[in-house]
Structures are given as structure tokens and as C-alpha cells.
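Inspection log for the structure reproduced underneath, given as C-alpha cells.
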Amino acid sequence: MEVLKALDLDLLNDNQREAVNVFNGPLLIAAGPGSGKTRVIACRTANMIINNGIAPEEILLITFSKKAANEMQERIVGMIGELNLPFIGTFHSLCLRILRTYYFKLSLNKNFKIYDPADQIHLMQKIIHDVKDKSLRELLDRISVCKNNLLTPLEAPGEIQEAYRQYQSALKEENAVDFDDIIFKTYQLLNKFPEVLEKLSFKYLMVDEYQDTNKAQYEVLKLLAKRDKNICVIGDADQSIYAFRGANIRNFLNFGEDFTDLKLIKLEQNYRSSPQIIKGAEAVIEGNSDHMQRNLWTEKAEGRRVVLCNASNEKAEADYIIKTIQVYMGGISRYDIEADRVSDVASGYGFSDFAVLYRTHMQGKILEELFLKSGIPFQQIGAENFYNKSEIKDVLCYLRAVFDPSDETALLRIINKPVRGIGAVTIEKIRLYAKNLGIPFYQACQELDTLPLNDENKKSLAEFIKIFEEFRLMATKEKLSDLIKNICEKNQIFDLYKDKKRQDNIFGLLGFSVQFDLLPPFKGLENFIFETAFMQDKDIYDENKNAVTLLTLHASKGLEFPVVFIAGAEEGLIPYKHSEEVLMNEPEERRLFYVGMTRAKDELHIIHTNERNLFGENIKIELSRFVRDIPSEFLEKKEHVLKNRRKKSKNEDQLTIW
DNA sequence: CAGCGCACTATTTTT
DNA sequence: TAGTGCGCTG
């Protein structure tokens, strides 16, 4: 009874309550921004388990990101306690789990590896020589699109067929799959082997952020839902921003065609933003022809109008943001032109209540620079994928190699790190030797007697093998975190990376690893490797940290902040223009801007500049067409100029006019 | 094999 | 403009 009460179904609005109580048959929940989506999903799950006796194993809950999965899990635990929990995770984690169980049905080996984008490039380099990484990336992206659309090499466009085919056979040879394969192969598995499908226990499916599902994911879903048809998808077509990754809004708009007798529930009450922000955002999204009319409303009190600030250039833009935050945080009083209002709010906010959103990472750079100068604590998300940071990647590759020495990509990365006299030439010799004998690379390394190397090289190699074997032994006996510490020490990783930020990253990874210490040593290592395969910056970022968050519009999806700044609201940036006259998919760009706007709870500041430095050249730039769609009555207009342009002047950053 | 210096290219979004 | 990548030299 105690638990039942915790569900608080009475606190839900009528539509939410209905969504929480309908379990059977296909259900589409069209949930506007801030409409309490997460809450509904969590309540619905708890309601199923507690009030309706549905077994957790029968429930499958798919989220868009790992972070969202964690949040959802916490939320549900908060309601039902640490009971048995349903599976909560991303498409990738679900499919990986299925593949790990049924790998043998496909021609996969046990312990197949997962290649991340960097590994993909390495692999592609082996197939196509003397081509720039960037072109390889482009090629891989095209292959990715094929996989997302369930196209095999034979079905792929002619120009990339051969590359795709060779890439797949190279992956197979290295016993690896890439991110897209995880979905594609799961589809093939479930499609070909009904008995596997039958064995899966899921009877009730829920998919969050459904508008960003691609074809491959959708087909997997259809298979999973085939028997029981209890599928509930939740999302908002206006927030679909991943078309470039193969997401297809048609999956959302045409859901009813695949699932007849569809029930539709709309969540239109917004619990997040002030009326001004909602009105402004709706004015923008209504510019899309495929926008479905709806009535987003709120009971929240009137707030400030959307602030539209015209800054002279990108430095003035950053300055405006910084000064505004400082004012709210009570740092500077001489700018208190709106004194009464400022003193109103200043007390309540912490640094973590502010976020700066931008279209491209390059904008984040200037902001980072000036934030650093200002002394305001901040954290930047995703400028580089966490796992792409070289120091993290090094440690992870050590672990991967230790876990599975046949992981050649990983082994090669660390074999000469730190420098131990095993350079490119030596590696090539070993590789050739291995190839001739048809043996794995690491095995070749161990055949010191017959390897065609000089004594110097052999000595280096022998030393490497010795230390490496120590790690392998340790991996079976010691805690994961100790293994990592040891690897860092013995390889002088911290000498290699003297930069404090990089060292902190490694400590971050180490901190994350501690939770795997509870598992038996080798198992802990294994799980850690699988977990980090999809790891992202976002997953590491700490929302409780007292810092302003800097992030891209894409990365802002699913988050909310009391005060949001959208920087660079300019033609060319949003909508983004790819040099020349090639404009990006305008409706999608509009949705992206909409997503950004709707992150704001109390205040939204949109900033645009007159001039922006691109490539060391100052380019005149105009206000974004999306902003022009916001009626003036919802706007509060401002200007911000950096007055003093003398270089290195001590006063430079203080002379500001409001 | 590693470090340095020159030259060239780059700016979309990511599970 | 600035960061990277390649090639040359020690």
C-alpha cells in the first residue's frame, strides 16, 4: 500500500492518467515538450508491475540514450523500489544483449568485438589506401545509412557496393561488428529465426523518443511487437532531429498504418516553460508544413519575454552571456540596469541553472575560451566524444587488448605506447609474418625465435609481451580498478598525458570503473568493455556539478534548464548552410531550433551577431529566418557591443554597454 | 624512430 | 586563424 501511494496517479492530468492505464494494443503518445513524458513512462511501468501484476521481464523499455535509461531507471526505482526491474536501455544495448546470447545463430563468434567510429576508420584504411580519413568517414557514413535502411552490400548503391562488401568481410575477419551491425544483425536474427523471437520474454514494449527511430530499429520493433501487439511509442514529431542518421518521421506519422486499431493520446500541457517561451517556440514550429496543429498550454505564471540580443560579433555574444550570468549570480552590480528584476532572481540560481546552446562545436570553442577567462565554472559536452579522447581511448584499448589479444586494432594502438621501440616498420614485419602463416597478430608476436626481426626489436617485443602477459594474468585475479591503475602506472600513462584535464578524464574513467569491481575480475572487465563501447560524453557529464553547461542543440535534447542561451541564431548557422548555396534540410533545422527553445524553463535568450569570424575572416551575417517568425510581441530586444577594441587592453572585457 | 617545422585544410548534427 | 598531418632530419 505504501508503494501504491508512491505512484501518485492522482497527480497526473487526465491524458497522462489515461496513458498510464492503457496497456493493451498499440498506443501512440504524442507528447509535446515538457509534457511530463518521462513521468508518464515511469508511472506506466510502475503501474503495470505493481497494480496489474505484470512481470518485469515482460516489459521492455527503450530509451534514446544511456543517460535517459539511467534516469528512467532511477525514477522507476523511486516508485517501486529495487524490485526486479524490466529491461531499460537503448536499442543498441538491447540488441547487443540479444546478439550476445544468440550470436551462434548468425555466423558470429563468441566474444565478437564492437568497433567504434575510430576503429572503423582504422579498418577502412586497411582496405583503401592513400585516402584521407575524411573521405573514409564519408564512405563509412554512407555505408551506415545503408545499414540503417537494412540494405546489404548487394542492395547498396553501385558506387559503394564494393567498399561496403570489403568492409563487411574485413569486419568479419577481425571478429568485429560496428554500431549499425548491432541493430542490423539483430533484425536478421529475429527475422530468420522465429524460435529466437519466441524465446524473448517481452510482451509489453515502450519506446521513448520514438520520432528518432530509423528503419532498422523500427523493423526490429515490429518483430518484437508482432505477437502481442502491445506497443507504446512516445515522442514528438516536432522534435525529430536525427534524419541524418537515418531517423524517419514517417515511422511516427504513419505508425497507425502498421499497427491498426491504434490508440492516440496527446499530452499538451507543458510543465516546463513560461507562456512566453511556449508561444515563441510554437510560432517557430508552426512554420513547418508537416507540423500537426496542436494546442500546447501551461498553467505557469507569466514570465519574461524571450530576450533577443543583437551582439556585434561572437566575442560580444560570449560577453553578453557571461555578463548576464554574472549579474544573476550577483557578481557584478554596475550592470544592474534592471535592478529590481535581477535582485528578484539572483538569489535562486546556481551556475548549473544556465545552459548555452549552439549549432556547431566550433562556436563552443570561442565560448570555452571566454568562459575560461571569466572564471565562471562550466562544463562542455561532447566537443569530442568521451571515448574518442586519446587518453581514454588508450586506456580502453589496453583493456580491450588485455581482454582479447586478438583485438588487433586495440593491440596495435597500445603496442608502442609508451614508446618501446616497436615502430611501424617492425609492426609491418610482424603483420606480414602473421599473414603468411595465417596466424593471429598476437600469436605471431610470441614466436620470437622465428620472427624476421633484429635482436634489438626482439628484445623490445619480448619486454612488451612480458608486461602484457602480466596484465592478462592480473585481469583474472584483481579488481578492475586496480588493473586500470596498474596499467596506467606501468605504462607511464600520466607522463604521456601531463595535461590536467586529460588526467582528470582518466580519473573519471577510473571512477566509473569502480562499480565493476563488485563483479568477478574478468567478468568485470568484460562488462566494462561492453558498457564503454557506447559511452558518450553526455553519460559522463554531471548535472549536479555547479557549472554552466555548454552544449550543441542536438545534445540538449531531453534536458531542461531555468535559463537558456541560444548562441548564433543566424542564417547559415541555423538553418545551417553547407558552404555555397546548399542549405540543410530546413524543416529539420527548424525542429532543432524548436528543441533548443523548449529547453528553457524561466528565461530564453536568443543571441545573434552582425559579424562572425569564420576562418580568420569577418563575415557579415543575418538574423535567422526562424527568429524572424517570432512575433515582436513575444520578444524583448537588446543590443550588446564590445566597445573597446584595442588589443590586449586591460579594460577590454569591462567596457560594455547594455 | 622521434621530434620538429612547414603547409594545408577546415566548420553539422551522433546511437 | 589555428590545428593537424606529413615529411624530413638528426
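Throughout, a chain's letter reflects where its sequence line sits, starting with A, and its residues are numbered from 1.
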Taking only side-chain nitrogens and oxygens of [X], does any of them come within less than 4.0 Å of OP1 or OP2 of [N]?
X	N	value
S460(A)	dC1(B)	no
Y242(A)	dT14(B)	no
H361(A)	dT13(B)	yes

Measure from [atom1] on [X] to [atom2] on [N] and round the result to the nearest Å.
X	N	atom1	atom2	answer
N148(A)	dT13(B)	CG	C1'	14 Å
D180(A)	dT14(B)	CG	P	15 Å
L573(A)	dT12(B)	CG	C1'	10 Å
R137(A)	dT13(B)	CZ	C1'	13 Å
L461(A)	dC1(B)	CG	P	12 Å
I381(A)	dT13(B)	CD1	P	14 Å
E588(A)	dT14(B)	CD	C1'	12 Å

Does the side chain of [X] pick up a donor-acceptor pair with the side chain of [Y] at under 3.5 Å?
X	Y	result
E463(A)	S460(A)	no
N251(A)	Y210(A)	no
E174(A)	Y115(A)	yes

Task: Heavy atoms of other groups near K222(A) NZ, more than 12 under 6.0 Å - done: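 Enclosed: over 12 neighbouring heavy atoms sit under 6.0 Å from NZ of K222(A).
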- [ ] Walking along DNA chain C from 5' to 3', note the first and the last nucleotide with an atom under 4.0 Å from a heavy atom of chain A, and give both.
- [x]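 On DNA chain C, the outermost contacted nucleotides are dT1(C) to dG3(C).
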TODO: Can you tell me, in whole Å, how much space there is between the P of dT13(B) and that of dT4(C)?
DONE: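 So the two P atoms sit 16 Å from each other.
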- [ ] Taking side chain to side chain contact (heavy atoms under 4.5 Å, CB included) as the test, write out the residues that go with D178(A), two or more places apart.
- [x]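 Here the qualifying residues are Q120(A), K147(A), Y167(A), L171(A), D180(A), D181(A).
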Task: side chain to side chain donor-acceptor pair (under 3.5 Å) assessment of E570(A) paired with T609(A) - done: CA-CA 7 Å; E570(A) 295 144 18; T609(A) 64; 2.8 Å; yes
Task: Minimum-distance nucleotide (side-chain atoms of T426(A) versus dC1(B), dT12(B), dT14(B)) - done: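 From the listed options, dC1(B) comes nearest.
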Open item on the list: Taking the six-membered ring for Trp, are Y358(A) and H554(A) closer than 6.0 Å centroid to centroid?
Closed with: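 No; H554(A) has its ring centre 6.0 Å or more from that of Y358(A).
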Task: Aromatic ring of F244(A) stacked on base six-ring of dT13(B), 5.5 Å, 30° - done: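 Here F244(A) meets both the 5.5 Å and the 30° conditions.
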